[in-house]
2 protein chains.
Amino acid sequence: MPETAADHQGRRSARQRIIEAATELFSTRGYAATTTRDIADKVGIRQPSLYSHFKVKADILVEVELQTFRPTLDLFATLVADESLTALERLARLVEFDVRMLCDGPWNVALLGYLPEVRNEGIAHGMADHGHELYQAYRVLVHGALTESGRSEADPDTTTEVVFSLVDGMILRRVHNPRLDGGRLAPAVREAVLAMVR
Amino acid sequence: MPETAADHQGRRSARQRIIEAATELFSTRGYAATTTRDIADKVGIRQPSLYSHFKVKADILVEVELQTFRPTLDLFATLVADESLTALERLARLVEFDVRMLCDGPWNVALLGYLPEVRNEGIAHGMADHGHELYQAYRVLVHGALTESGRSEADPDTTTEVVFSLVDGMILRRVHNPRLDGGRLAPAVREAVLAMVR
DNA sequence: GTCTATATAATGATAGAC
DNA sequence: GTCTATCATTATATAGAC
């Protein structure tokens with residue numbers, strides 16, 4: 001088996017080590033407050049060496065965001081593809097997975113997508129709004145669950161907003177308390193969500 | 001009636017005009033990404049003139065934060081002082097007021113307290129953590145409401161975290177949708193909260 | 001790809017005239 | 001209290017040797 005480029009220096013490619021260092025720093029200090037020198041220092045290289053892997057600082061941010069949202073969006077795709085599930089079951093599973101990830105992931109990186117400087121930088125670079133994608137996923141499942149439950153009196157869009165607030169609100173809780181217990185909170189959030197849609 | 005200092009230039013003191021300009025800019029661009037020059041430009045003065053009113057940039061932030069949290073913390077004090085109310089009623093009113101303020105306030109300024117650069121700057125300047133104060137207020141009311149309802153099987157601290165997430169989650173919703181309708185969302189959130197505690 | 005050296009630009013803050 | 005002028009620092013990014 002030939003040695004890949006990814007095996008150099010601790011088995012991860014320099015590019016991936018940059019992304020991981022940036023993930024931690026962006027999460028804990030914010031994007032604008034993190035300098036390219038901070039990132040390079042943590043990786044163990046010189047600041048200009050970053051530019052062998054990324055054209056500009058914002059390109060590092062794009063990769064961090066991408067790797068953050070992929071798991072949850074992938075799960076949504078899987079849940080929708082599984083036709084044996086009801087919308088209510090799909091919603092329950094997505095909520096529980098999402099809350100666990102938000103609580104127990106290595107860094108509170110989901111906050112990044114809400115930082116003003118990131119959103120402004122994002123617009124300037126035309127990067128994908130994964131947060132909006134995920135919101136649409138919730139919207140589909142909440143509408144479906146309300147329909148299944150015959151809750152025709154409920155406003156599906158208002159319910160979607162409240163459900164999504166409840167889940168993503170965990171991001172803010174984690175800012176004040178970095179050691180959230182996903183195993184305890186995920187079922188509690190799931191039950192609160194189910195109480196709204198059935 | 002003698003003219004006050006606050007009457008100069010549009011009836012608001014220069015200091016207050018700086019605070020209001022900074023509130024908008026910090027809310028829309030973030031703290032680190034807002035320069036003192038940005039603030040001065042919006043006020044219509046030169047950048048060094050800011051330093052006649054504030055010793056350092058972070059002192060402007062302290063004032064912005066103070067004016068943001070004061071109304072909600074004041075309401076909590078009022079609700080607790082009113083002995084004719086049950087804990088459940090106090091919680092319902094606090095939630096509804098809070099959500100309306102988060103949705104309909106002129107700027108999404110509550111996000112500020114969650115920005116990493118603000119929290120780090122805050123620690124360095126020893127500024128008060130109003131977000132934590134407010135959380136304790138919710139904790140008191142959620143515990144009281146669960147006790148009143150005889151919900152001895154519920155975990156009050158978990159419920160507090162979920163309730164607070166639901167309310168503050170509106171901050172994140174507003175990032176994606178700046179035109180939230182507090183009149184529609186506040187009752188929906190209130191009912192979701194009440195479903196958890198009674 | 002990483003390094004040293006450096007360009008270029010912007011930032012927070014100060015000094016001192018008015 | 002506001003101004004002009006300016007300082008000291010720090011930031012992103014580039015050039016070119018190895």
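So you know, we letter chains A, B, ... as the sequences are listed, proteins then strands, and number each from 1.
Counting only residues at least two apart or on different chains, the side chain to side chain donor-acceptor pair (under 3.5 Å) pairs with a member in residues 91-108 of chain B are B:Glu96-B:Arg190, B:Asp98-B:Tyr138.
Atom NE2 of A:His125 is separated from atom C1' of D:dT12 by 12 Å (rounded to the nearest Å). Straight-line distance from the CG atom of A:Asp41 to the P atom of D:dT12: 12 Å, rounded to whole Å. Separating the CZ atom of A:Arg17 from the C1' atom of C:dT2 is a distance of 13 Å, rounded to the nearest angstrom. When rounded to the nearest whole Å, the span between CG of A:Leu50 and C1' of D:dA13 equals 11 Å.
Under the salt bridge (charged side-chain N to carboxylate O under 4.0 Å, His left out) criterion, A:Arg173 pairs with no residue at all, not counting sequence neighbours. Annotation: ring pair (Phe, Tyr, Trp, His ring centres under 6.0 Å) contacts of A:His53 (sequence neighbours excluded): none. For B:Ala110, the side chain to side chain contact (heavy atoms under 4.5 Å, CB included) partners two or more places apart in sequence, or in a different chain, are B:Leu102, B:Ile171. With sequence neighbours left out, B:Asp157 forms a side chain to side chain contact (heavy atoms under 4.5 Å, CB included) with B:Arg139, B:His143, B:Asp155. By the salt bridge (charged side-chain N to carboxylate O under 4.0 Å, His left out) test, B:Glu117 pairs with no residue at all, sequence neighbours left out.
Of the possible donor and acceptor atoms, none in the side chain of B:Asp129 sits under 3.5 Å from a partner among the backbone N and O of A:His176.
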Enumerate donor-acceptor pairs with a distance under 3.5 Å from any side-chain N or O in residues 70-84 of chain A to protein atoms, sequence neighbours excluded.
unit_1	atom_1	unit_2	atom_2	d
A:Thr78	OG1	A:Asp74	O	3.1
A:Asp82	OD1	A:Ser84	N	3.0
A:Asp82	OD1	A:Ser84	OG	2.7

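In DNA chain D, runs of at least 3 stacked Watson-Crick or G-U pairs (N1-N3 plus N6-O4 or O6-N4, or N1-O2 plus O6-N3, all under 3.5 Å) give these stems: C:1-7 with D:12-18, C:9-18 with D:1-10.
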remark   = Reading nucleotides 3-18 of chain C from 5' to 3' and marking B where a protein heavy atom lies under 4.0 Å of the base, S where only the sugar-phosphate is that close, and - otherwise, the string is BBB-----SBBB----
